[in-house]
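Here's the structure, in structure tokens; my notes come after.
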Amino acid sequence: MNLLHELNEQQKHAVTLTTGPVLVLAGAGSGKTRTITYKIAHLIAQQLARPEQILAVTFTNKAAEEMRTRVVGLLQALSASPLICTFHSLAVRVLRRHAHRVGYRPDFTICDTDDQKTILRNVYEELKLADKDLPIRRSHAVISRSKNKSWGPEQYLQRSGDYDAEIIFKIFLSYQKYLEQSNAVDFDDLLLLTVKLFEEHPAMRREYSSRYQYILIDEYQDTNPPQYEIVKSLADVQQNITAVGDEDQSIYSFRGADIRNILEFERDFPGAVVVKLEQNYRSTSPILEAATALVSHNVHRKGKTLWTENPGGEPNEIYVAPTPEAEADFVCRSIHHHLQEGERNIAVMYRTNFQSRQFEEALRRFRIPYQLVGGVSFYNRKEIKDILAYLRLVINAHDNVSLLRVINEPSRGIGRITQEKLHQLSRESGVSLWASVQIAVQNNLFPAKTHLALQKFVQIIQEGMELLDLPLYSVVEKIAQASGYLEMLKRENTEEADNRILNINELIAAAREWIGTGGSVQDFLDNAALRSEADEFDASAPVTLITLHNAKGLEFPVVFLAGCEEGLVPHSRSLEEDALEEERRLFYVGMTRAQKKLYFSFSRVRRFYGAEGPGASQPSRFLMEIPERLLMQVQVPSRTYGGSVVPDGSFARGSERRLHGFVSGAMIFHDRFGHGRILQVEPLGDDLKITVQFPGLGIKKMLQSYARLKLV
DNA sequence: GTCATCCTCGTTTTT
DNA sequence: CGAGGATGAC
């Protein structure tokens, strides 16, 4: 079977290098994932490796799934399958077998962000700290960032230089202790414990690195230090590692991703062969040229030259909207147009999640169906997490985090005070909360009402434990019943509660399907915990709303990059030099998702927290970095705007802010270049109607003329 | 201990 | 504007 004829020379080269380390530096749209996929297929087809000797690590579950299907597609008959997974799911797999070697029981629970914050709240209580002195979100962020750099509490204290490092150090310590006592791990621990396992148990390292003869890593530029350590360990014995990445698409440094991993691959893996993939198969040339021009403003890159055989193509358009509503309106109208032309996959991308709302509302108004990627995913909904917490407790009652989540959900009279006392009890006697509850019940430590409530709770969980022999879905069903959760929702009798009931039913259905996979209850829970929002992406949806981060690895014929404003992209919190380059890469990632047509849009006015920003927003500097010849302004020959101005044409005090951006822009336009024409200025009560005509000036000049104006 | 209401404060990006 | 915490009435 010859799979290689479908590849170009460089891709073929990368695929046929079957021993030793290989670094594939691949530009956007150059087929890097395809190269890995073919390499897996090639190794199997040529009998260079058995499928189970191959391990491929991707960035998201979705990508893993896709790669799996593609491999199966290339090799019709597969007796076994290669392991294709994410770092985190790999870690879970390893740790479920060997947790005891690093101090955990194999039934450890995985905490998500919410759970982490619950734990931190308890730590705060123990250390007598208040959220307003040091916001939990901050300690959470600091702890996670440290772990992403492979720092424990001590290293953090020594190396961070934070002014409040000492107190965070204490929080960090207690947090970690709490996790250990609950036999729980957070996302970061999954990686760290795996590293620890390989470090402290050379036998484990040997076992895994000889089990997998070939290691393939996708999106290598996004690996952080613990992931890097895992890669090193796994490639230890055979050194048959293929890493595929693009330094221009490194956008996860906030999660500890270290671009050095890719820049220093050749030093880390001596004898590495470097292959560059520079032909882009995705985008037409206006898109590719603009993207290339943009990213060439970055200093920290190896640099490569992308080229395409798709000449011509539509010009990139910019639309400047007076308000976010107008921006959404424009996007919807254009989407409508493209849909009518028969386009099937259109994406609207933005920097921050909150921007999705304006587009959702507009799309609904236009009755255009869409999918939102990100936001609150199914497994993140409260009702789902609650029911799953019950399920976790039934498997492992000592899981404090889950216990706290549902001990009073639905409320059964075990409030804050009781919970605090239980905590105290558990700290004093060094046992789990579940054990404390039982001690309390046995020794009658609480008033009659509370006592009964606790008894009832114990009973619910114990009954659940007895059900575990039943099929998973009926366990879930019975738990939803016995806990009183369904009843609570029914009694609420609102549309929202009904929706929640539907969601629970959907969970039961998912549990029913799970039986078919042959996985255990534990696997079911692991899967739920590691499922990310981006995994729910449906490639066939006509319109997709998505953040720039989530869009990585995807492609769409038509892309709208919305909110191209200073402060949004680049985000106001990333204006220092390094962070700025990352923002530029993020923008680059967005641009290079487009196959045929790329739009930029931004709004003169931006609302934060429901109120307007302090002045007109300025166009993103990234727009300015794109050569003018590659940009075209959407034709809006004349527009009518309304706003508050006093009759003589000057702006009323207090009202100028609202319309500051475009009104002032129109005026300076007139001033500075002498071409702009204010067609009409008519008072309308307290309002003023201004009609402006935009002639064909250079687009950047015009964007800037708006932005630079100061209103007097 | 619970529920309702008021208030505060904050939005980067994610496994 | 909205979520989630803090406060106060039962």
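Sequence lines set the chain letters: A, B, ... in the order given, protein chains first and strands last, and positions in each chain run from 1.
- Mapping A:Thr450 and A:Asp188 onto DNA chain B by nearest heavy atom places A:Thr450 closer to the 5' end of the strand.
- Within the model, atoms CG of A:Leu586 and CG of A:Asp248 stand 13.0 Å from one another, a figure rounded to the nearest 0.5 Å.
- Looking at heavy-atom distances under 4.0 Å, A:Ile251 makes no contact with the nucleic acid at all.
- The backbone N or O of A:Glu247 sits nowhere less than 3.5 Å from a side-chain atom of A:Ser250 that would complete a donor-acceptor pair.
- Listed nucleotides: B:dT13, B:dT14, B:dC3. Nearest to the side chain of A:Ser411: B:dC3.
- A straight line from CG of A:Asp114 to C1' of C:dG4 spans 12 Å, rounded to a whole angstrom.
- Across the protein-nucleic acid pair, A:Ile143 atom CD1 and B:dT14 atom P stand 21 Å apart, rounded to whole Å.
- Under the stacking definition used here (centres under 5.5 Å, planes under 30°), the residue A:Phe254 qualifies as stacked on the base of B:dT13.
- Comparing B:dT13, B:dT15, B:dT2 by their nearest atom to the side chain of A:Asn408 picks out B:dT2.
- The distance between atom CD1 of A:Ile414 and atom P of B:dC3, rounded to the nearest whole Å, is 13 Å.
- Proximity of A:Asn550 to the phosphate of B:dT14: a side-chain N or O atom is located under 4.0 Å from OP1 or OP2.
- Here the C1' atom of nucleotide B:dG1 and the CZ atom of A:Phe446 are 13 Å apart, to the nearest Å.
- Side-chain atoms of A:Glu229 never come within 3.5 Å of backbone atoms of A:Val195 as a donor-acceptor pair (strictly under, hydrogens ignored).
- OP1 or OP2 of B:dT14 sits under 4.0 Å from a side-chain N or O of A:Thr547.
- Using a distance-only test at 3.5 Å, with no hydrogens or angles considered, a donor-acceptor pair links the side chain of A:Asp399 to the main chain of A:Val401.
- Comparing C:dG4 with B:dT13, their P atoms are spaced 15 Å from each other, to the whole Å.
- By the 6.0 Å and 45° rule, A:Lys552 stacks over the aromatic ring of A:Phe59.
- Using a 4.0 Å heavy-atom cutoff across all strands shown, A:Thr418 reaches sugar-phosphate atoms only and no base atom.
- How far CG of A:Leu623 is from CD of A:Glu566: 9.0 Å, rounded to the nearest 0.5 Å.
- Note on A:Arg573: every side-chain N or O is 4.0 Å or more away from OP1 and OP2 of B:dT13.
- Applying the 4.0 Å criterion to OP1 and OP2 of B:dT14, one finds that A:Asn353 has a side-chain N or O inside that range.
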Given A:Arg607 and A:Glu325, is the salt bridge (Lys or Arg N to Asp or Glu O under 4.0 Å) satisfied, shown in steps?
-> CA-CA 11 Å; A:Arg607 275 183 282 277; A:Glu325 289 73 31; 2.4 Å; yes
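- In this structure, CD of A:Glu361 is placed 11 Å from C1' of C:dC1, rounded to the nearest angstrom.
- Residue A:Arg121 is classed as a sugar-phosphate contact, given heavy-atom separations below 4.0 Å to backbone atoms only.
- We find that CD of A:Glu583 is positioned 8 Å from C1' of B:dT13, with the value rounded to whole Å.
- Regarding A:Ile136, its CD1 atom lies at a distance of 12 Å from the C1' atom of C:dG4, rounded to whole Å.
- Side-chain N or O atoms of A:Asn61 include one that pairs as donor or acceptor with a backbone N or O of A:Leu530 at under 3.5 Å.
- Across all strands, A:Phe87 comes closer than 4.0 Å to no nucleic acid atom at all (heavy-atom distances).
- With a 3.5 Å limit on both pairing distances and Watson-Crick or G-U wobble geometry required, the stems of 3 or more pairs in DNA chain C span B:1-10 with C:1-10.
- The nearest whole Å value for the distance from the CZ atom in A:Arg381 to the P atom in C:dA3 is 14 Å.
- Using a 4.0 Å heavy-atom criterion, one finds that A:Ile417 contacts the sugar-phosphate atoms exclusively.
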